[in-house]
Number of protein chains: 2
Amino acid sequence: MKTLQMTSIDRNILTGCRFFKRLPLSTAEAILHGAALAEHEKYDSLFRQGDRIDDVFLVLSGLVRLYRVGKDGREADVGVFAKGELFGEDTMFLGYRATANAEVAENSVIARVDSRKLRQLAASDPDVAQAFIEHLCHRGKMKEDLLAQDRLLTAPQRVANYLLSQCPNGSTSFCFRLPFQKSVLAGKLGLAPEALSRAFSALRESGVSVKGRMIEIHDRHALERF
Amino acid sequence: MKTLQMTSIDRNILTGCRFFKRLPLSTAEAILHGAALAEHEKYDSLFRQGDRIDDVFLVLSGLVRLYRVGKDGREADVGVFAKGELFGEDTMFLGYRATANAEVAENSVIARVDSRKLRQLAASDPDVAQAFIEHLCHRGKMKEDLLAQDRLLTAPQRVANYLLSQCPNGSTSFCFRLPFQKSVLAGKLGLAPEALSRAFSALRESGVSVKGRMIEIHDRHALERF
DNA sequence: CGCGTCTTTGATGCAAGTCAATCGCCGTGG
DNA sequence: CCACGGCGATTGACTTGCATCAAAGACGCG
């Protein structure tokens, strides 16, 4: 881990992300003022379930995985955060205790903001409070989606869903690069890596080609039917 | 469905529940003023996924099940709400569209509060905003728990967890009545009713007796080990 | 080119969903 | 009071989807 100075590029990433976009620029700047930047490498642990956390985390680059571990040591991802996303925000309203483990999933630059400061701001500035509320609702919906997906869909269906979610809307055939390792995607979808692999094979006959991280979808409608 | 007048008992239920307890009584009264009360019977549908919703719902008695349906018609519960709980609050920050279906799971009395009014209040009154934020964080944690539970635990483990969550803390042996039908519990835990039934049998040898809705746990530590 | 890591493939086992039949409980009506 | 009917719960037999373990293959990087 290495601390860094925040560049103007970093500022732009943050002020452009979903959470900050709702806020006046001056408010965003105020929140970011005093943020601590650090470089982390893959497999670094940011915190563990039950730890006391006094910061909110912002991903400037790279990837962070939030997961819980079962009694038998198995891990289940409850969230994966990429550039421009923020996590750990709910702990500041839950006694400042982490509800999951956070592990860096690829070399990353991560900013921390003092959560007490942010909380006070949320209490005094209605804009900030509003931004939090919307952010939390959005997060809640995603978790609901995830749960429903887990309970209703088979592995190939989940993968098809994910692919469709990456589809620029309107296009019937498209191509993109997975933003992370397949094993990470597997975790995100609640699958073992082997299951993801098999799901991709199953989707091949519905017009999905996979070469390394490059994915090609020939007909999105075939996926929707799946 | 039959509309009713709100009684002082109803008021007490609501002002005593988690969400309103954070607020000054006068604020709670202001929110509740103008709430519409109605009696619903089992299997009534309150709304469907995608419907436009202009209310927030409060359960005064009975039970409501929130669920999504898959393409094949199978249903997956994403929430079950009992007396004193509130739902539908996130739709007002998500374009007023329901993200799931709501069905009354047993004869219930349900209040509705105009969500626009509530939203305005959240924007102008920092107490209300704060209450929402905490409520949403709490909700988020529960969903995270649910997801992790789905991915990490077997059916008997989930049931054991649920039983422990009902245990008055400190007691090693206890007894209680299920607050709803077993099939509802099954849905809540993401299981088919048959699987719940089998899970109960499996737990019998760990000191769990089931007679109708009455549950008796002889040794909570045996469950914790499970 | 060679090594390590990630991914794929194959074989096997297990947990839970499904379908179907039975049982138990409770309320109704004779 | 008992017989009946209906609904929910249980049990059994079967099927399926996925995890797991193990081995081979592909890819990226030095």
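Each chain gets a letter, A, B and so on, in the order the sequences are listed, and its residues count up from 1.
Here the C1' atom of nucleotide C/dG4 and the CD atom of A/Q181 are 13 Å apart, to the nearest Å. One can place CZ of B/R158 at 12 Å from C1' of C/dG17, the figure rounded to the nearest angstrom. Atom CD1 of A/I215 and atom C1' of C/dT7 are 13 Å apart (whole Å). The NZ atom of B/K182 sits 11 Å away from the P atom of C/dC25 (whole-angstrom rounding). Atom CD of B/Q157 and atom C1' of C/dC14 are 14 Å apart (whole Å).
At a threshold of 4.0 angstrom between heavy atoms, the contacts of A/Y43 are confined to the sugar-phosphate backbone, with no base atom among them. Counting non-hydrogen atoms under 4.0 angstrom, B/K211 reaches nothing in the nucleic acid. Within the 4.0 angstrom heavy-atom criterion, only backbone atoms of the sugar-phosphate kind lie near B/R74; the bases stay farther away.
The two atoms that bring B/D77 and B/G187 nearest to each other are CB-O, 3.5 Å, heavy atoms only. When all heavy atoms of B/L178 and B/K182 are compared, the closest pair comes out as CD1-CG, 3.9 Å.
Ion pairing between a basic and an acidic side chain is recognised when a charged N comes within 4.0 Å of a carboxylate O; B/E89 and B/R139 show such pairing.
Contacts with DNA chain D (heavy atom under 4.0 Å) in residues 183-195 of chain A: A/G190, A/L191, A/A192, A/E194, A/A195, listed by number.
The aromatic ring centroids of B/F81 and B/F57 lie 6.0 Å or more from each other.
Remark: A/K188 fails to qualify as a cation-pi partner of A/F180 under the 6.0 Å distance and 45° angle criteria applied to the six-membered ring.
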Residue pair B/L58, B/F20: steps toward the side chain to side chain contact (heavy atoms under 4.5 Å, CB included) verdict: CA-CA 11 Å; B/L58 298 157; B/F20 287 104; 3.9 Å; yes
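Side chain to side chain, B/E144 and A/T99 meet the donor-acceptor criterion of an N or O pair below 3.5 Å.
The number of heavy atoms from other shown groups lying within 6.0 Å of NZ (B/K83) does not exceed 12.
Ring-plane geometry between B/F132 and B/H135 is classed as perpendicular, the angle between the planes exceeding 60 degrees on a 0 to 90 degree scale with a lower cut at 30.
Below the 3.5 angstrom threshold, one finds a donor paired with an acceptor across the side chain of B/R198 and the base of C/dT18.
First and last contacts of DNA chain D with chain A, using any nucleotide atom under 4.0 Å from a protein heavy atom and ordered 5' to 3', fall at D/dC18 to D/dC21.
Comparing B/F200 and A/T154 along DNA chain D, the residue whose closest nucleotide (by nearest heavy atom) sits nearer the 5' end is B/F200.
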